[in-house]
Structure formats: C-alpha cells, structure tokens
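Note that these values count all heavy atoms, side chains included, but never hydrogens, waters or copies made by symmetry. Since the structure is predicted, the reported quantities are computational estimates derived from the model, not experimental observations. Both counts, for ligands and for their atoms, begin at 1 and track the order of listing.
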Amino acid sequence: MRTRPLKVALLGCGVVGSEVARIMTTHAGDLAARIGAPVELAGVAVRRPDKVREGIDPALVTTDATALVKRGDLDIVVEVIGGIEPARTLITTALEHGASVVSANKALLAQDGAALHAAAEKHGRDLYYEAAVAGAIPLIRPLRESLAGDKVNRVLGIVNGTTNFILDKMDTTGAGYQEALDEATALGYAEADPTADVEGFDAAAKAAILAGIAFHTRVRLDDVHREGMTEVTAGDFASAREMGCTIKLLAICERAEDGASVTARVHPAMIPLSHPLASVRGAYNAVFVESDAAGQLMFYGPGAGGAPTASAVLGDLVAVGRNRLSGATGPGESAYAALPVSPMGEVVTRYHISLDVADKPGVLAQVATVFAEHGVSIDTVRQQGKDGEASLVVVTHRASDAALGGTVEALRKLDTVRGVASIMRVEGE
Ligand SMILES: NC(=O)c1ccc[n+]([C@@H]2O[C@H](COP(=O)([O-])OP(=O)(O)OC[C@H]3O[C@@H](n4cnc5c(N)ncnc54)[C@H](OP(=O)(O)O)[C@@H]3O)[C@@H](O)[C@H]2O)c1
C-alpha cells in the first residue's frame, strides 16, 4: 500500500458532509486498504466557521472554498454544498487544478452535467455522483457500468422520499394532502419549504440524470415534463383502490417503441398494487429498470439522510481514489446516442378520468363519442348517479397525452359535463 495519503477536501459539512467526514475517520483503515492508500481530510469549506463540528479539526475549517480548491495538491474534492452556485464554479475550479470530484448535487448535474463532464474530460479527471440520485441506492454505477452491455428501455422510479411519505400516509390513513404534509414536516421528512419535493423539481432533476445515463443521450432538466402532487386528493386514492391501484409520484424515463426518441417525466400516477413499486412505503425510494437482456430489475433503499447518502459518496471516493492511484479515469459522459427527447404530448399511456356529469339519458353516449373522435379508446366506464348528477369514471386504453388533452378539452365544452374532477395516468401495467 502507498503510504503517501490521498488528500481529500470536503466542500460542505452539513447533513451529508458531516457523515462523510465521520465515516472517513471511523473507517479509515478499511478505506485505505480498499483504495490502496490512506485518505487524509485536507480541508473543510463551510459557511459558518464557528459552528462546533464533532470530529473535525477546527484547523481544517475554512470559509474560503475557492482558495481550498485552488491549492493544487488535492486529489479529490467532495462537493456536498448543493445548489448551482458556488458549487458549479468550485467543481470546475477543482477540476482545473487537478482534483477529481465526487458530488451529491442533483440540481447542478441535471442543469449543467454536460459542461461539468466536459471539464472533467478536458483535465483528465473523474466526476462521480452516485449520491445525486436516490441517496444510498446504487443506481448510477449499475446503469453506467453493470448495464453498459445491455439496452435499457425504461426507468420507472420513486426517487423522492418526502413525497412518497406523504402519498403513503394519504393511502394508509385516508388523510388529505395538507394533513399528510403537516405530519411529514413534523417528523422532519419535509422541509419548511417543501416546494422542491412536492412540485416534483427534485424528482425531475433525478429523472434527467437517470434518462441521460440510461439512454446515452443528453437530457436536461428542461427536457423533463414535471407535475407536482399537491392536487392529489383522498378521492383519487379511493378511485385508485377501486381499480386495485395506489398512487405514487413517479419519475418515468422511456425509450419510444420505435427506439428513435426518449421521454422523461415526473407526475403522480396510479400503479397496480401488484407492481413492486406499490409496496414502497414511507420515505423509501425504489427504481425499476427494464432492459432488453436483463429484463426487470429493482433497486430499493433509503433515498436520503446523512449516513445513507454518505455511503454513496464514500463508494465514489473509493472508486475515484483507486483511479487516481492507477492513473486512470472511470467512465465519463456517454451521450453518443444523442436521441431526441420528445415532448409530453407524444407520451403514450393509460388514463383514469373522473367526470361530474348530468344524470340523464344519452350522456354516456355523448362522452363516449368525444373519446372516439379523438382516437382515445375506452377500456372501462363506471357511472354512479345521485340527485340528477352523476360521476363517470373512464379508464382508457393506451393513448397519447396529446390525444387525451384534446379529449378533455372537448369534454369540458359539453353542456352535460359539469366538470373534470381528476385526470390521472395509469402506469406500470
Ligand atoms: N440531505 C440528504 O438527505 C441528501 C440526499 C441526497 C443528496 N443530497 C445532496 O447533498 C448535498 C448537500 O446536502 P445537505 O443536506 O448535506 O445540505 P446542508 O445540510 O444544507 O449542508 C450544506 C453545507 O454546505 C455549506 N455551505 C453552504 N454554502 C456554502 C458556501 N457558499 N461555501 C462553503 N460552504 C457552504 C454549509 O455550511 P454551514 O454548515 O456552515 O451552514 C453546510 O455545511 C446537496 O446537493 C443535496 O442535494 C442530500
């Protein structure tokens, strides 16, 4: 084993960074044996230098992250600050000054992954980010390396623990959205401002990263269709149960049937209770991958939290450390397929639509005609009448999102349709 240590700088020492530092110390011997050289914490950049940080030598702490990454003697920079800036500039500067980078920053990678990969390649350094998607769950490496000989057709996942916790609460207790969110906040599963989670931004960033790797194509955050889950009601769960389904916020990355394009989207969807993703409870994450040769694979585990996320960061640290010692670099960006990313209108799936209609003869026929006129074939219809009003639940066969959108627009114009109570996609069948 080499005695000269690999120098590691930590940018950020919060929920994830403090756990990375702790495990680097407590597992120092094992990490050294696995890498082939000891790792030394060479500096820790934070915002508040006076905060007490257990196990961290105060002499290593600095607020000048830029000076730290410019030192020139660093082997690996671990970026766990989060957000776009200063993380982006710090990562780029670290690469320019000869360090390889390990990051957990999904927002940055989804927005600027291509430029960061290009910088890593230009300087002959590694950029690893296993922790950026689904915390502890190995996903990036399996997609990038283990499945590199296969053809991935679909990635379907629960990649946000906060929203899964809320939806699971609504499902199991009958609670409404706000009540379930309040409980998630009280238990620390939701942040004070839950927008990034409940509006699907966090999941969309992860979908962009997963789609890019799975399909060897650049997929940016802007390419991902995103709908949040704040409109999901207890009534939607009741409808889902009647269909033998539950509701999950899903990230769905798909190759079109003809293989010529891909799509990436995040939205709430009904999935059958028999689907493995239906049994993912609480704040857990799971990702279901379908590929030509391997068939169906599922990756399951804690998608967040300090120690679980640090586990993924340290896995990258070991891999990057080994590369450093052998003078090699690991796989970089693979975007050779360069498939076009299709808009949401071209996505084909099934739909569950709840309509409030007048309870009189001919309404059903009128509604069915609108579906037929837009080329959307109906699978089942259920009608319940009460006091001259009725609710009509239509489940369609597979249709394009554009065709469904046209159908709904036309339905809203019918005198006999009082309102469209809910529209939900049905996935995983
Ligand atoms: N938390 C999770 O469960 C989780 C899971 C997966 C991925 N991630 C990702 O991991 C990253 C870090 O998340 P986190 O939860 O650990 O965040 P956090 O607890 O808010 O920690 C952020 C750290 O960055 C430091 N920092 C902020 N601005 C800085 C600046 N301008 N210069 C230097 N240091 C700065 C903070 O310093 P102070 O300590 O002085 O405030 C803090 O130590 C994010 O990209 C996040 O998306 C987190």
Problem - Pair Thr246, Asp171: side-chain N/O donor-acceptor within cut-off below 3.5 Å - result: yes
Practice task
Identify whether the distance between the nearest side-chain nitrogen and carboxylate oxygen of Arg22 and Glu54 falls below 4.0 Å.
Solution key: no
Handout entry: Sequence neighbours excluded, every pair satisfying ring-ring contact (aromatic ring centres under 6.0 Å, His included) that has a member inside residues 162-189
Key = Phe165-Tyr189
Exercise for the section: Might you work through the salt bridge (charged side-chain N to carboxylate O under 4.0 Å, His left out) test for Glu85 and Arg88, ending with a clear yes or no? Expected result: CA-CA 5 Å; Glu85 284 295 352; Arg88 175 172 48 196; 3.0 Å; yes
Problem - Within the 4.0 Å heavy-atom sphere of ligand 1, strictly under, residues - result: Gly12, Cys13, Gly14, Val15, Val16, Ala45, Val46, Arg47, Arg48, Arg53, Val80, Ile81, Gly82, Pro86, Ala104, Asn105, Lys106, Ala131, Ala304, Gly305, Thr309
Exercise for the section: Give a yes/no verdict on a cation-pi contact between Arg144 and Tyr128, requiring under 6.0 Å between NZ or CZ and the six-membered ring centre and an angle within 45° of the axis. Expected result: yes
Exercise for the section: May I ask you to check whether over 12 heavy atoms, not counting those of Glu121, lie within 6.0 Å of atom CD? Expected result: no
